[in-house]
Amino acid sequence: MHLHLKHLTLFRLLIGLHLIYGSAIPSRGAKADSARSPRVLVLGGGVAGVIAARTLHEQGIDDFVLVESRPELGGRLQSTPFGGYVIEFGANWIQGTQTGNGPINPIWELAEEHGLKTQISNFFSSITTFDETGEVNFVGVLNAAVDDFDEFVNYSDLTGRSTYDFIGKKPLDAQQRAAEYYNFDWEYAQTPLQSSGVATARNSNLTFEADAGGFSDVNLMSIDQRGYKTFIQQEAMSFLKSSQLSLNTLVKSVEWSASGVKAVFSNGSSISADYAICTFSLGVLKNDDVKFEPDFPNYKAEAIASMTMGTYTKIFLQFPEKFWFDTEVGMFLPFIICTGVLFCGVHIQFALYADSERGRYPVWQSLDMEGFLPGSGIIFVTVTGDYSERIEALSDAEVRAEAMSVLQTMYPNITIPEPLDFKFHRWFNDPLYRGSYSNWPPSFVKQHHANLRANVGRLYFAGEATSQDYYGYLQAAYFEGRDIANIVAKCIKGNGCVSLQFYEELEIDEDGLDELRSDTFERSYAMRWLTSLVSLTADWDSESHKEWEGLVQEAASLLAVCSGTAGAGVVIRDFVFKLGPEMEQTLDIQVKDISLDNKDYGSVGAQTWGGACVLTETILDDPVAFGLFDARELRILELGAGTGLVSLALGKLFKSTGSSIPPRTIIATDYYQSVMENLASNIQRNFPDSYAVQARFLDWSSFPTKAAEPPFDIPFDLILGADIIYEAQHAIWIKSCLARLLRKPTSSQDPLFRLMIPLRPTHSFESSTIDSVFAAPTPDSNPSELYLAIVSRESILCDAPGRGQDPIEYAYYTIGWRQN
């Protein structure tokens with residue numbers, strides 16, 4: 001069956017797995033091993049931990065200890081004082097309630113029971129839009145993005161980006177990218193490229209779509225000044241005794257076996273138990289913040305490494321008075337949403353801002369409005385994913401300055417006062433969480449998730465990440481805490497104790513796969529063929545095609561292997577380049593490659609190809625010959641940058657020289673959305689605290705004939721390209737771009753285009769187009785007219801990475817302006 005995402009909510013609940021402030025339950029503190037050992041240790045006092053403890057209590061098992069590292073229960077339900085009010089750094093919403101007599105969200109049920117004060121959030125009927133020119137109405141674009149998400153269907157193991165591309169939805173400008181962000185990233189804390197299409201569809205439907213077994217499409221925001229954590233703390237008070245709770249107790253290591261579990265704490269004390277339920281966040285498990293002894297089996301370690309952790313950051317500002325949109329939410333694309341039905345009289349809670357850089361301070365929300373915190377002067381902006389990681393590397397003052405600059409861009413005619421208060425939480429670097437909530441990556445199959453959830457010995461795992469259906473949502477932590485505690489209770493009572501299912505190896509024939517992985521072209525072909533096979537079965541009637549089910553499952557599993565890693569299809573590559581003999585140093589560069597994808601033709605650009613490595617080595621071998629250290633400002637452009645290796649190397653080179661040379665501008669460009677997202681991620685990975693390299697969209701085929709917009713309005717001194725000729729028309733398009741973008745020569749400067757391409761037998765015609773397109777004109781042409789032509793052509797031979805393969809030949813072109 002196809003899973004249609006008919007209702008998308010936009011604020012993701014940060015799951016509670018640890019503690020927060022001021023629980024009213026006194027705690028006993030950690031005791032030494034000499035004390036009587038409890039039957040069960042529950043590690044982590046968030047929603048999963050509290051519900052696990054409650055379930056044990058309901059099963060008549062009260063011989064347990066709930067251990068929490070913070071001074072209160074709640075986990076990622078983190079409330080904090082701010083400007084005379086209480087705000088939520090973490091989870092903020094109840095997502096999905098109940099439709100008729102259908103399934104009920106247990107979080108809503110507990111919130112109602114404990115009198116939590118909430119308010120409905122209208123994500124789509126209460127929004128204003130902005131871009132870099134100020135308030136501008138692109139609500140129609142936003143509505144189209146909502147419809148696009150509704151078409152998001154089950155296509156095997158494709159990335160979310162490929163699923164969008166498959167249905168023909170490709171955001172091409174800042175407004176479209178912001179609208180897509182509002183529908184996807186703002187919910188999942190990662191990009192479509194980083195997310196599984198089918199898992200995303202299932203996850204959203206089972207929370208918001210009643211027809212698919214979900215709760216409802218209602219989103220309730222907690223505005224309770226006791227804090228959202230109140231509902232789980234009061235629930236804990238209803239059954240916990242002080243002897244069952246150990247607050248301010250940081251776990252440093254966990255020893256597990258088939259006969260019991262021992263937790264060792266930071267103060268040197270420890271507690272042993274017959275069983276343990278670990279509710280630590282996936283981020284903690286991934287980052288080894290707690291040592292598990294012995295090490296997890298390979299299948300478990302692989303599953304933990306393969307699932308991903310998103311980061312969702314809310315940045316709060318308080319001003320003396322309100323000056324912004326009179327709605328609940330704002331987007332950086334400031335047009336008041338008055339489409340069809342006139343909403344101009346409605347309070348606007350949200351605003352959406354469309355910046356040329358995707359994900360740059362995009363979603364703004366006002367709390368200073370009726371029904372929320374009127375008169376508070378509080379507004380907050382949300383960033384996610386790689387951009388969250390970027391701002392965590394900055395100081396508070398730098399983040400505040402950036403947020404303020406965006407507000408000033410949104411309201412160019414208003415003098416914006418300095419904020420009275422400013423605050424945000426660094427979730428990615430918090431050792432208790434290492435992120436906000438989990439996300440299901442592409443190529444992460446059900447077998448992986450079973451391994452993630454599986455127990456090892458008598459150590460069991462529960463949390464939002466272990467839920468196949470609700471991962472990332474608060475209800476996931478509830479269900480997993482309840483279900484795993486019931487399994488442990490059966491073990492204690494002797495009512496059939498069984499280990500959870502796991503797979504020591506994926507059920508895939510490994511014969512020949514190493515060779516397939518090593519050959520990029522073969523891997524690309526195989527992935528396209530396999531994905532086409534699986535996609536063709538999407539509309540088959542299950543009864544009449546049962547015989548195909550096994551084949552389809554094998555194809556989907558093989559796709560995961562072909563992706564290059566068992567998990568997210570992501571490979572992190574560490575490059576070390578040696579500079580020329582005059583500099584005697586090396587440059588370290590880290591690049592993320594995304595696996596090739598059948599439905600995303602542009603995904604080849606999200607791989608680091610040999611041409612980029614060879615061009616980088618050529619430049620760094622003699623940077624002086626490229627004029628990189630000239631005593632003048634220098635503008636550099638990379639065409640078809642892909643993963644950005646060449647531009648990143650130049651950025652690292654210039655950074656290593658400090659301020660000894662004039663300013664350098666490096667613009668790395670590409671066309672495909674999936675590549676642009678990965679390129680921006682690689683830039684932030686290597687330059688988290690600066691803009692040494694800028695990523696920009698550039699379409700060679702339609703480069704403007706009229707005045708170009710920044711940064712393409714000023715020509716460049718050096719243009720670079722690596723492995724960018726793989727279609728017959730590419731050379732023609734590139735020449736047209738160079739005519740506009742390559743600076744004209746002067747008596748002291750000779751701007752050049754440096755191009756490195758591999759001479760593949762399968763692309764010999766495409767490669768030859770360089771020589772024909774950039775040939776010198778006939779002798780009778782205008783002698784005073786400048787033309788672009790080949791200045792030199794060299795042949796470079798490089799060893800092939802595979803065994804027994806012939807060397808790879810590269811053609812290295814220098815192209816510049818010439819005159820008869």
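The figures here come from the full heavy-atom set of this structure, side chains too, leaving out hydrogens, waters and symmetry mates. Being a predicted model, the structure only gives us computed values, none of them experimental.
Taken from CD1 in Ile683 to CG in Leu648, the straight-line distance is 6.5 Å, to the nearest 0.5 Å. Taking CG from Asp355 and CZ from Arg360, the interatomic distance works out to 5.0 Å, rounded to the nearest 0.5 Å. With values rounded to the nearest 0.5 angstrom, Asp574 atom CG is found 8.0 Å from Asp588 atom CG. Here Asp713 contributes atom CG and Leu741 contributes atom CG; the two are 10.0 Å apart, rounded to the nearest 0.5 Å. Put simply, CE on Met756 and CD1 on Ile619 are 8.0 Å apart, with the number rounded to the nearest 0.5 Å. Taking CD1 of Ile734 as the reference point, atom CZ of Phe774 lies at 6.5 Å (rounded to 0.5 Å).
Considering only heavy atoms from C-beta on, Thr618 comes within 4.5 Å of Phe626 through its side chain. Using a 4.5 Å cut-off on side-chain heavy atoms (C-beta onward), Thr769 and Ser772 make contact. Two residues are said to be in side-chain contact when any heavy atoms from C-beta on lie closer than 4.5 Å; Val614 and Ile808 fail this criterion. The side-chain heavy atoms of Leu720 and Leu650, taken from C-beta on, include a pair separated by under 4.5 Å. Annotation: side chain of Arg573 is not in contact with side chain of Thr643 (no heavy-atom distance under 4.5 Å). For the pair Glu638 and Ile666, the minimum side-chain heavy-atom distance is 4.5 Å or more. Within the 4.5 Å cutoff, no side-chain heavy atoms of Asn682 are placed close to those of Val693. Side-chain contact between Pro715 and Lys744 is absent, with no heavy-atom pair separated by less than 4.5 Å.
With Asp670 contributing its side chain and Gly642 its backbone, the two residues share a donor-acceptor pair below 3.5 Å. Counting only distance, with no hydrogens or angles, the side chain of Thr409 and the backbone of Ser405 share a donor-acceptor pair below 3.5 Å. With hydrogens and angles ignored, the 3.5 Å screen pairs a side-chain donor or acceptor of Arg664 with a backbone N or O of Leu628. Checking side-chain atoms of Lys655 against main-chain N and O of Ala692 turns up no donor-acceptor pair under 3.5 Å. Not one N or O on the side chain of Gln175 forms a donor-acceptor pair closer than 3.5 Å with the backbone of Val141. Proximity of a side-chain donor or acceptor of Trp364 to a complementary backbone N or O of Leu407 within less than 3.5 Å is not detected. When atom types are taken as modelled, the side chain of Gln408 and the backbone of Ile414 share a donor-acceptor pair closer than 3.5 angstrom. Side-chain N or O atoms of Asp621 include none that pairs as donor or acceptor with a backbone N or O of Glu617 at under 3.5 Å. When atom types are taken as modelled, the side chain of Asp593 and the backbone of Thr608 share a donor-acceptor pair closer than 3.5 angstrom.
Phe712 does not carry Arg696 over the face of its six-membered ring by the limits of under 6.0 Å from the centre and within 45° of the normal. Both tests pass for Arg635 against the ring of Phe716: distance under 6.0 Å to the centre and angle within 45° of the axis.
Pairs engaging residues 171-180 under the salt bridge (charged side-chain N to carboxylate O under 4.0 Å, His left out) rule: Arg161-Glu180, Glu180-Arg358 [sequence neighbours left out].
A search for side-chain hydrogen bond (donor to acceptor under 3.5 Å, both in side chains) contacts involving Thr415 returns nothing, not counting sequence neighbours. Remark: Tyr387 pairs with Tyr361 by the ring pair (Phe, Tyr, Trp, His ring centres under 6.0 Å) rule, at least two apart or across chains. Remark: Arg685 engages Gln590 in a side-chain hydrogen bond (donor to acceptor under 3.5 Å, both in side chains) (not counting sequence neighbours). With sequence neighbours excluded, the residues forming a ring pair (Phe, Tyr, Trp, His ring centres under 6.0 Å) with Phe697 are Tyr671, listed by chain and number. Residues passing the side-chain hydrogen bond (donor to acceptor under 3.5 Å, both in side chains) test with Arg743 are Asp717, sequence neighbours excluded.
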- Hey, mind stepping through Ile815 and Ile719 against side chain to side chain contact (heavy atoms under 4.5 Å, CB included) and telling me if it holds? CA-CA 10 Å; Ile815 296 172; Ile719 299 180; over 6 Å; no

- Task: Apply side chain to side chain contact (heavy atoms under 4.5 Å, CB included) to Phe687 and Arg390, showing your working.
- Result: CA-CA 8 Å; Phe687 304 101; Arg390 173 193 171 271; over 6 Å; no

- Task: Could you give me the CA-CA distance, side-chain angles and deciding distance for Asn686 and Lys652, then say whether side chain to side chain contact (heavy atoms under 4.5 Å, CB included) is met?
- Result: CA-CA 8 Å; Asn686 288 273; Lys652 293 271 188 173; 3.5 Å; yes

- Would Thr384 and Val363 satisfy side chain to side chain contact (heavy atoms under 4.5 Å, CB included), going step by step from the backbone distance to the final call? CA-CA 10 Å; Thr384 60; Val363 182; over 6 Å; no

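In this structure, Lys592 and Asn678 approach most closely via the heavy-atom pair O-ND2, 2.8 Å. In terms of heavy atoms, Ala612 sits closest to Val646 at O-CG2, 3.7 Å. Across all non-hydrogen atoms, the minimal contact from Ala631 to Pro662 is C-CG, 3.7 Å. Here the closest heavy-atom approach between residue Asp723 and residue Pro758 is recorded as OD1-CD, 3.3 Å. The minimum heavy-atom distance linking Asp750 with Pro745 is given by the pair OD1-CB, 4.2 Å. Between Leu786 and Trp817, the shortest heavy-atom contact is CB-CE3, 3.8 Å.
Ring geometry, Phe654 versus Phe629: the interplanar angle exceeds 60°, so the pair is classed perpendicular (tilted spans 30 to 60°). Using cut-offs of 30° and 60° on the angle between ring planes, the pair Phe575 and Phe577 is parallel.
If you check the side chains of Thr746 and Gln749, you find no donor sitting under 3.5 Å from an acceptor. Tyr813 and Arg793 form a side-chain donor-acceptor contact under 3.5 Å, judged by distance and modelled atom types alone.
For the pairing with Ser388, the side chain to side chain donor-acceptor pair (under 3.5 Å) check across Thr382, Thr311, Thr313 returns one residue only, Thr313.
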